[in-house]
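To start, the structure itself, in structure tokens.
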Amino acid sequence: MQVSGEMNKKKIVILGTGGTIAGTAAQAGDNLGYTAAQVGIGQLVAALPALGDSHHALLSEQVAQVDSKDMDFDIWCRLAQRVAHWLAQDEVQGIVITHGTDTLEETAFFLQAVLDPAKPVVLTCAMRPATALAPDGPQNMLDAVATASHAGARGVVVVCAGVVHSAVDVQKVHTYRLDAFSSGDAGALGRVEEGRLRLFRNWPSAHVGHGLGAIESIASGAGASAWPRVDIVLNYAGADGRAVRALVADGVQGLVVAGTGNGTLHHALEAALLQAQAAGVRVVRATRCLEGRVLPRAGDTLADSLGLSPVKARVALMLDLLASPGQARDV
Ligand code: ASP
């Protein structure tokens, strides 16, 4: 843990988890052949003196050091506990979390769902490694700290390429572009311009119904093996029920199906999902479309994802099952 700035100022806590923002390549010009999660958060903060301002002191802590493609439940639990710890300190104004872009939307949604914080928790990232000729991480960190410092800011948000997204709406939509995220139909929450936040809509608040029981399980130390197993299956031309049947035989407790269009499913896949549901597996229907949501219709036999993308619907279902283990089938 490192502290910079005066002790009596409000604090912004910067938690490091790895990602490309902490990545290094052998050659400065190489934006692809790098290794993520190499530079410590203390070093990233120290390299950016402009992060400090006259009102806030910075404090940094390394919570994990991973390429976010390898994000796991143990890190999520540790991160949720450290975020909750710092948010409870009166002198902490807000939190910034550095994270890889690949699973950033899942971590952001997880933190929003379990913590629903009354202070800002701002995830940020980079598409180019720290050693790039023109890295994007430093500006993203500056924008994230500006967002976390903003009076009245609350909830979990993502800041990338000058755009502020809410945890519920954000999705990584591009493999290479620096502005790799979108909030789809909902639109961005705001923009950071020259260190100032221009807000378009309200700060995020609780995403219904996932919090308390899950937090209790997480706080009581539910390790990765105690988390319910929830998988995602996809509808496509020629889909069938074999993957679903294999997963059920293997003890899956929940399934999210990324349907086509308005959550439509090949009849063979649908039959297998209904059979799984009848056997006690929780099934949720999302859409593989990047925009829009599954609009429920009278007589639907599979619950829809309430507008969540397949990966977020999976997190929500895991938290539901974690909060009320009685609902899960015996495996
Ligand atoms: N694979 C990297 C990660 O998610 C990609 C990135 O950070 O942009 O950690």
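Each ligand, and each atom within it, is numbered from 1 in the order the structure gives.
Atom CD of Q27 has 12 or fewer heavy atoms from other residues, nucleotides or ligands within 6.0 Å. Atom CZ of R177 sits in a crowded spot, with more than 12 heavy atoms from other residues, nucleotides or ligands closer than 6.0 Å. Atom CZ of R201 is surrounded by more than 12 heavy atoms from other residues, nucleotides or ligands within 6.0 Å.
Closest heavy-atom contact between S68 and H99: CB-CE1, 3.5 Å.
Of the candidates T101, D136, V159, T98, T101 is the only one forming a side-chain contact (heavy atoms from CB on, under 4.5 Å) with C125.
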Protein N/O near ligand 1 N/O, under 3.5 Å, which pairs?
from, atom 1, to, atom 2, distance (Å)
ligand 1, 1 (N), D67, OD1, 2.8
ligand 1, 1 (N), D67, OD2, 3.4
ligand 1, 1 (N), D102, OD2, 2.7
ligand 1, 4 (O), S68, OG, 2.5
ligand 1, 4 (O), T101, N, 3.3
ligand 1, 4 (O), D102, N, 3.0
ligand 1, 4 (O), D102, OD2, 3.4
ligand 1, 7 (O), T20, N, 3.0
ligand 1, 7 (O), T20, OG1, 2.9
ligand 1, 7 (O), T101, N, 2.9
ligand 1, 8 (O), T20, OG1, 3.1
ligand 1, 8 (O), T101, OG1, 2.5
ligand 1, 8 (O), A126, O, 3.1
ligand 1, 9 (O), D67, OD1, 3.2
ligand 1, 9 (O), S68, N, 2.7

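Sorted by first then second residue, the side chain to side chain donor-acceptor pair (under 3.5 Å) pairs that include residues 228-237, not counting sequence neighbours, are R229-D231, R229-D250, N235-T260.
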